[in-house]
Engineer: 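Before anything else, here's the structure in question.
We count residues from 1, following the sequence as given. Every number for a ligand or one of its atoms is a count from 1 in the order of the listing. This one's a predicted model, so the numbers in the text were calculated from it and none came from an experiment.
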Amino acid sequence: MKYAVIYFTRSGTSRKIAEKIAKKLSVEPIEVTDNMDWDGALGYMRAAKHAMKNGAVAIQIHGQIGEADEYVVVSPMWCGKITPAIRKLLDEVPKEKVHLIVSSGGMNLKERDGYMSVLDIMKSKHNEDQLIEEFVGSLSA
Ligand SMILES: Cc1cc2nc3c(=O)[nH]c(=O)nc-3n(C[C@H](O)[C@H](O)[C@H](O)COP(=O)(O)O)c2cc1C
């Protein structure tokens, strides 16, 4: 099975998770960026507002995603949801081929329908490495 590991991050946690998974799968993680400024306190508020109203963003995918059989997509949680950039990515990557990993402070993602699988990695639980190990072990060779 050929996998692509794709992530969006604001503050680095999802990148770290994507890097760990990609290393175990022997692939390079692919970053998705958007056209917004989410930095600092103002950026945080902008992010929360944008997430709540399902605001649109333009994205750039920094790698080749076309040839994978399945996708591991890592998104931070913003206000209970995946980020606008990852929502936009799902226009190009079919959900039914996506293993979604949600990096959050402590909440579960509510909207889980349509994905191959959904895994919540919550900072409050301090079990990131164990969950990654189990997740990669669950993937088909
Ligand atoms: C705008 C915003 C909204 C957030 N909303 C939630 C939330 O609803 N529930 C939660 O558990 N964590 C929430 N968080 C925390 C992030 O999901 C968490 O810190 C995540 O690991 C950040 O990933 P990143 O470092 O890759 O950007 C929020 C963070 C931001 C910036």
Engineer: Other members of the hydrophobic cluster containing Y7, with the 4.5 Å side-chain heavy-atom rule, please.
Structural biologist: M1, Y3, V5, I17, I21, L25, V27, V72, V74, I101, L119, I121, L131, I132, F135, V136, L139

Engineer: Please check if the side chain of T83 supplies one atom and the backbone of P76 the other of a donor-acceptor pair under 3.5 Å.
Structural biologist: no

Engineer: Indicate yes or no for a side-chain donor-acceptor contact from R87 to the backbone of A51 under 3.5 Å, with no hydrogens or angles considered.
Structural biologist: no

Engineer: Hey, what do you get for CD (Q60) to CG (N35), rounding to the nearest 0.5 Å?
Structural biologist: 10.0 Å

Engineer: Taking transitive links into account, so neighbours of neighbours count too, which hydrophobic residues share a cluster with M52 at under 4.5 Å side-chain distance?
Structural biologist: none

Engineer: Do any nitrogen or oxygen atoms of ligand 1 lie under 3.5 Å from a protein nitrogen or oxygen, and which ones?
Structural biologist:
{"from": "ligand 1", "atom 1": "5 (N)", "to": "C79", "atom 2": "N", "distance (Å)": "2.9"}
{"from": "ligand 1", "atom 1": "8 (O)", "to": "C79", "atom 2": "N", "distance (Å)": "3.3"}
{"from": "ligand 1", "atom 1": "8 (O)", "to": "G80", "atom 2": "N", "distance (Å)": "3.0"}
{"from": "ligand 1", "atom 1": "11 (O)", "to": "G105", "atom 2": "N", "distance (Å)": "3.0"}
{"from": "ligand 1", "atom 1": "11 (O)", "to": "G106", "atom 2": "N", "distance (Å)": "2.9"}
{"from": "ligand 1", "atom 1": "11 (O)", "to": "M107", "atom 2": "N", "distance (Å)": "3.1"}
{"from": "ligand 1", "atom 1": "12 (N)", "to": "G105", "atom 2": "N", "distance (Å)": "3.1"}
{"from": "ligand 1", "atom 1": "14 (N)", "to": "M77", "atom 2": "O", "distance (Å)": "3.3"}
{"from": "ligand 1", "atom 1": "17 (O)", "to": "M77", "atom 2": "N", "distance (Å)": "3.3"}
{"from": "ligand 1", "atom 1": "17 (O)", "to": "M77", "atom 2": "O", "distance (Å)": "2.6"}
{"from": "ligand 1", "atom 1": "17 (O)", "to": "S103", "atom 2": "O", "distance (Å)": "3.2"}
{"from": "ligand 1", "atom 1": "19 (O)", "to": "K123", "atom 2": "NZ", "distance (Å)": "2.7"}
{"from": "ligand 1", "atom 1": "21 (O)", "to": "S103", "atom 2": "OG", "distance (Å)": "2.6"}
{"from": "ligand 1", "atom 1": "21 (O)", "to": "K123", "atom 2": "NZ", "distance (Å)": "3.1"}
{"from": "ligand 1", "atom 1": "25 (O)", "to": "S11", "atom 2": "N", "distance (Å)": "3.3"}
{"from": "ligand 1", "atom 1": "25 (O)", "to": "S11", "atom 2": "OG", "distance (Å)": "2.5"}
{"from": "ligand 1", "atom 1": "25 (O)", "to": "G12", "atom 2": "N", "distance (Å)": "3.1"}
{"from": "ligand 1", "atom 1": "25 (O)", "to": "T13", "atom 2": "N", "distance (Å)": "2.8"}
{"from": "ligand 1", "atom 1": "25 (O)", "to": "T13", "atom 2": "OG1", "distance (Å)": "3.0"}
{"from": "ligand 1", "atom 1": "26 (O)", "to": "T9", "atom 2": "OG1", "distance (Å)": "2.6"}
{"from": "ligand 1", "atom 1": "26 (O)", "to": "T13", "atom 2": "N", "distance (Å)": "3.4"}
{"from": "ligand 1", "atom 1": "26 (O)", "to": "S14", "atom 2": "N", "distance (Å)": "2.8"}
{"from": "ligand 1", "atom 1": "26 (O)", "to": "S14", "atom 2": "OG", "distance (Å)": "2.7"}
{"from": "ligand 1", "atom 1": "27 (O)", "to": "R10", "atom 2": "N", "distance (Å)": "2.8"}
{"from": "ligand 1", "atom 1": "27 (O)", "to": "S11", "atom 2": "N", "distance (Å)": "2.9"}
{"from": "ligand 1", "atom 1": "27 (O)", "to": "S11", "atom 2": "OG", "distance (Å)": "3.3"}

Engineer: Kindly state each residue pair satisfying side-chain hydrogen bond (donor to acceptor under 3.5 Å, both in side chains) with at least one member in residues 108-119, sequence neighbours excluded.
Structural biologist: H99-S117, R112-D120

